[in-house]
Amino acid sequence: MDESRYSLLRQQMISEQLEPRGIDNLQLLSAFRKVPRHLFVTEEKRHLAYNDYPLSIGEKQTISQPYIVALMTQSLQPQRHEKVLEIGTGSGYQAAILAELVKHVYTVERIERLSLRAKRVLDELGYNNISYKSGDGAAGWPEKGPFDSIVVTAAADKIPTMLLEQLLPEGRMVIPVGNPFLQDLLLITKEKEGTGIQQQKLCGCRFVPLISSN
Ligand code: SAH
């Protein structure tokens, strides 16, 4: 398939999967129009990359469904000057979308091989505002925090306190919380003063588990 065909598939993904479901942030939609999602999966899966479902990326992990990436990103209300922490680099696709919208993305992945592969793809695409770490993301990345927002792309059984601690006042966090089979996608907002949080359920979802000793 040539690039113009992929570009057509991207436009279709936007008009059929994202816009009808309420994704209307213009900067976000233009990031989805730009980022070549097919390069984040292996060659034999490229023709499926713009379909309305998650795909396997090896190591028993997945690249999330386009709509879920869009919903999570839109819910963070990303701003140009902000720094964002992502837990679960996976393929690197979500990191690329974020890197189009904010100043700097810090992304943590438990499986080193995936982290290195994502970095290679993102380097090749020219992203120079992403920092990578391999390790347990439930501990966050305290040396680089606090963050304007945090996105967790693996399912936790509860909200990791270390992540809340690394969120700025009025910071947002999107995280799937529940059991391994079914979770609620939560939008957490940290209060302006103190350590209180507000919590809103965005939808039901099913992510791979956050594997953590924290
Ligand atoms: N954001 C990814 C989706 C990744 S799937 C993308 O756009 O492709 C979730 C990822 O979280 C997997 O790669 C998994 O290895 C990773 N993960 C699971 N537990 C983790 C932990 N404790 N710390 C960091 N990464 C973790």
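In what follows, residues are counted from 1 in the order of the sequence shown. As the structure lists them, so they are numbered: ligands from 1, and atoms in each ligand from 1.
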- Item | Pairing of R172 and E82 as salt bridge, 4.0 angstrom limit |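 Between E82 and R172 there is a salt bridge, with a charged N closer than 4.0 Å to a carboxylate O.
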- Flag the pair D148 and K103 as a salt bridge only when some basic side-chain nitrogen lies within less than 4.0 angstrom of an acidic carboxylate oxygen.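 Salt bridge absent between D148 and K103.
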Would you say the side chain of [Y] lies within less than 4.5 Å of the side chain of [X], judging by non-hydrogen atoms?
X: F207; Y: I68; value: yes
X: T73; Y: N25; value: no
X: P66; Y: R37; value: yes

- How far apart are the closest heavy atoms of F147 and V84, and which atoms are they?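 Shortest heavy-atom separation between F147 and V84 comes out as CD2-C, 4.1 Å.
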Compute the minimum heavy-atom distance from [X] to ligand 1 and say whether it is under 4.0 Å.
X: I57; value: no
X: A118; value: no
X: E59; value: no

Can you list the atoms of ligand 1 that are under 4.0 Å from a heavy atom of [X]?
X: V208; value: 5 (S), 9 (C)
X: V108; value: 24 (C), 25 (N)
X: S91; value: 6 (C), 7 (O), 8 (O)
X: I111; value: 15 (O)
X: D136; value: 21 (C), 22 (N), 23 (N)
X: T89; value: 1 (N), 2 (C), 6 (C), 8 (O)
X: G135; value: 23 (N), 24 (C)
X: L114; value: 13 (O)

- Query: Parallel, tilted or perpendicular: which fits the ring planes of Y6 and Y50, with parallel below 30° and perpendicular above 60°?
  - Reply: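 Rings of Y6 and Y50: tilted, as their planes differ by 30° to 60°.
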Judged by atom type as modelled, is there a donor-acceptor pair below 3.5 Å linking the side chain of [X] to the main-chain atoms of [Y]?
X: K83; Y: K144; value: yes
X: D136; Y: S213; value: yes
X: Q11; Y: S7; value: no
X: R21; Y: Y67; value: no

[atom1]/[X]: more than 12 non-hydrogen atoms of other groups inside 6.0 Å:
X: R113; atom1: CZ; value: no
X: E19; atom1: CD; value: yes
X: Q198; atom1: CD; value: no

- From atom 23 (N) of ligand 1, work out which of G137, G88, S134, G90 has a heavy atom at the shortest distance.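 Minimum heavy-atom distance to atom 23 (N) of ligand 1 goes to G137.
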- Which residue from E109, R113, M72, Q94 reaches closest to atom 13 (O) of ligand 1 through any of its heavy atoms?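 The residue whose heavy atom sits nearest atom 13 (O) of ligand 1 is E109.
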For ligand 1, which part of [X] has a heavy atom less than 4.0 Å away: the side chain, the backbone, both, or neither?
X: A95; value: neither
X: V69; value: neither
X: R110; value: both

Among protein heavy atoms, which sits nearest to [atom], and what does the distance come to when rounded to 0.1 Å?
atom: atom 20 (C) of ligand 1; answer: L210 CD1, 3.6 Å
atom: atom 18 (C) of ligand 1; answer: P209 O, 3.5 Å
atom: atom 9 (C) of ligand 1; answer: T153 O, 3.3 Å
atom: atom 12 (C) of ligand 1; answer: Q61 OE1, 3.2 Å
atom: atom 19 (N) of ligand 1; answer: I211 N, 2.9 Å
atom: atom 4 (C) of ligand 1; answer: T62 O, 3.4 Å

- Message: Please report whether ligand 1 has a polar contact with S212, defined as an N or O pair separated by less than 3.5 Å (distance criterion only).
- Response: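 Min N/O separation from ligand 1 is not below 3.5 Å for S212.
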- Would you check whether S64 has a nitrogen or oxygen atom less than 3.5 angstrom from a nitrogen or oxygen atom of ligand 1?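 No; the residue has no nitrogen or oxygen that sits under 3.5 Å from a nitrogen or oxygen of the ligand.
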